[in-house]
Amino acid sequence: MKIETLNIEFGDIRFQFISGLVKIFEPKELYVIRVDNWFDSKWLNFSGKVLGLLGVWKYYDETTIPPFNPNRITGEGVLDRIQTDENLITYRLRQYDNFIHISQPSERNQNRKIKQFSNDAIFGWYSDNTTANNFGCIMIYILKDGELNKFYVSFENKPENCNTENWNINKIVGINSNEIHRYLEIGTTFPINAT
């Protein structure tokens, strides 16, 4: 599904999108994970492989951490909400060494349910290397009040007339275009303060 050009850099899209989600859902924790390259929507609900061959996807309360190889993770951070007011939410970067993406056989990932990590959080995975690929993506898992919502959005950059940033929404799963634009709009005017 193609939607009108966003005319902003992918880094801005990513930041505004997550900021909009934070404003609306006010999670206690924010997990932000950068993946080395573009990844497809098949990672949404993907739990791992059995016998090294058969892919397994889990849904609802059984949803697990996506089994990205830790070698693909180029950045990971957890932020804890420390203050909220009407116009600003403040988060503090947590010092930790218990990363969510660990080296293990894919089969073992099927027991790492996302609800074991938090009950009030936004988990956001986004792709790196977007300039070279002209593709970028964001995958979000939102845990709030016992409910889990998940979606995936990919973007494609189609430069025109020497314009190097001409991003379009390319593929959406689990969300609609109106919601995407709403989160981007809210995120444009809503700052997240990270300390």
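Along the sequence shown, residues are numbered consecutively beginning with 1. In this text, all values refer to a predicted model and were calculated from it rather than measured experimentally.
- Taking Asp61 as the reference, Lys115 meet the salt bridge (Lys or Arg N to Asp or Glu O under 4.0 Å) condition, with sequence neighbours excluded.
- Distance CD1/Ile13 to CH2/Trp167: 6.5 Å, rounded to 0.5 Å.
- When the shell of 6.0 Å around CG of Asn176 is examined, it contains more than 12 heavy atoms from other residues, nucleotides or ligands.
- In this view, Tyr152 satisfies the ring pair (Phe, Tyr, Trp, His ring centres under 6.0 Å) rule with no residue, not counting sequence neighbours.
- Shown here are the salt bridge (Lys or Arg N to Asp or Glu O under 4.0 Å) partners of Arg34, two or more places apart in sequence or in another chain: Asp128.
- Heavy-atom minimum distance, Leu93 versus Val78: CD1-O, 3.5 Å.
- Looking at Asp80 and Arg94, a side-chain N of the basic residue comes within less than 4.0 Å of a carboxylate O on the acidic one, giving a salt bridge.
- The nearest pair of heavy atoms linking Thr63 to Asn45 is OG1-OD1, 4.0 Å.
- Every residue two or more places apart in sequence or in another chain that forms a side-chain hydrogen bond (donor to acceptor under 3.5 Å, both in side chains) with Lys144 is listed here: Asp120.
- Of the candidates Asn71, Asn109, Ile65, Asn69, Ile65 is the only one forming a side-chain contact (heavy atoms from CB on, under 4.5 Å) with His101.
- Using a 4.5 Å cut-off on side-chain heavy atoms (C-beta onward), Cys137 and Trp43 make no contact.
- Listed by chain and number, the residues in a side-chain hydrogen bond (donor to acceptor under 3.5 Å, both in side chains) with Ser154 are Asn170 (sequence neighbours excluded).
- Under the 4.5 Å side-chain criterion, counting only non-hydrogen atoms from C-beta, Leu148 is in contact with Tyr141.
- Of all non-hydrogen atoms in Gln110 and Lys58, the two that sit nearest each other are O-NZ, 3.0 Å.
- Between the side chains of Asn133 and Asn37, at least one donor-acceptor pair of N or O atoms lies under 3.5 Å.
- Between Thr64 and Ile114, every side-chain heavy-atom pair lies at or beyond the 4.5 Å cut-off.
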Go through Val22 and Leu30 one step at a time and tell me if the side-chain contact (heavy atoms from CB on, under 4.5 Å) criterion holds. CA-CA 8 Å; Val22 166; Leu30 178 59; 4.0 Å; yes

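- The ring pair (Phe, Tyr, Trp, His ring centres under 6.0 Å) search around Tyr31 returns Phe123, not counting sequence neighbours.
- The ring pair (Phe, Tyr, Trp, His ring centres under 6.0 Å) check on Phe99 picks up Tyr96, with sequence neighbours excluded.
- In terms of the salt bridge (Lys or Arg N to Asp or Glu O under 4.0 Å) criterion, residue partners of Glu62 (sequence neighbours excluded) are, by chain and number, Lys113.
- Note: Tyr183 OH to Asn178 CG = 11.0 Å, rounded to the nearest 0.5 Å.
- Taking CZ of Phe68 as the start and CD of Glu76 as the end, the distance is 11.5 Å to the nearest 0.5 Å.
- Between the side chains of Ser118 and Glu29, at least one donor-acceptor pair of N or O atoms lies under 3.5 Å.
- Looking at Arg92 and Arg81, their side chains never come closer than 4.5 Å, going by heavy atoms from C-beta outward.
- The side-chain hydrogen bond (donor to acceptor under 3.5 Å, both in side chains) search around Arg182 returns none, not counting sequence neighbours.
- For the residue pair Lys158 / Asn168, no side-chain donor-acceptor distance below 3.5 Å is found, with atom types taken as modelled.
- Scanning all heavy atoms of the two residues, the minimum distance from Ile138 to Arg14 falls at CD1-CA, 3.8 Å.
- The salt bridge (Lys or Arg N to Asp or Glu O under 4.0 Å) check on Lys42 picks up nothing, with sequence neighbours excluded.
- Taken from OG in Ser41 to CZ in Phe46, the straight-line distance is 12.5 Å, to the nearest 0.5 Å.
- The number of heavy-atom neighbours closer than 6.0 Å to CD of Gln116, taken from other residues, nucleotides and ligands shown, is above 12.
- By the side-chain hydrogen bond (donor to acceptor under 3.5 Å, both in side chains) test, Asn111 pairs with no residue at all, sequence neighbours left out.
- Residues Lys23 and Glu26 come closest through the heavy atom pair O-CG, 3.7 Å.
- Within a 6.0 Å sphere centred on CD of Glu185, other residues, nucleotides and ligands contribute 12 heavy atoms or fewer.
- Cluster membership for Met139 and Trp57, using ILVMFWY side-chain heavy atoms within less than 4.5 angstrom, is shared.
- Hydrophobic clustering keeps Ile100 apart from Ile102 (ILVMFWY residues linked when any side-chain heavy atoms are closer than 4.5 Å, directly or through intermediates).
- In terms of heavy-atom proximity, Ser103 sits nearest to Pro70 at N-CG, 3.4 Å.
- Taking the side chain as every heavy atom from C-beta outward, Ile73 and Ile33 approach each other to under 4.5 Å.
- Checked against the 6.0 Å centroid threshold, Phe39 and Trp125 do not count as a close aromatic pair.
- You'll find the side chain of Ile122 stays beyond 4.5 Å of the side chain of Ile18, heavy atoms only.
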Check the pair Ile142, Phe151 against side-chain contact (heavy atoms from CB on, under 4.5 Å), reporting the backbone distance first and the verdict last. CA-CA 9 Å; Ile142 303 169; Phe151 55 85; 4.0 Å; yes

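- Remark: Tyr126 pairs with no residue by the ring pair (Phe, Tyr, Trp, His ring centres under 6.0 Å) rule, at least two apart or across chains.
- Taking the side chain as every heavy atom from C-beta outward, Gln16 and Ile186 never approach each other to under 4.5 Å.
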Apply side-chain contact (heavy atoms from CB on, under 4.5 Å) to residues Ile180 and Phe17 and explain how you reach the verdict. CA-CA 7 Å; Ile180 294 168; Phe17 195 71; 4.0 Å; yes

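- For the atom pair CD of Glu147 and CZ of Phe25, the computed distance is 11.0 Å after rounding to the nearest 0.5 Å.
- At least one side-chain heavy atom of Val153 sits under 4.5 Å from a side-chain heavy atom of Ile175.
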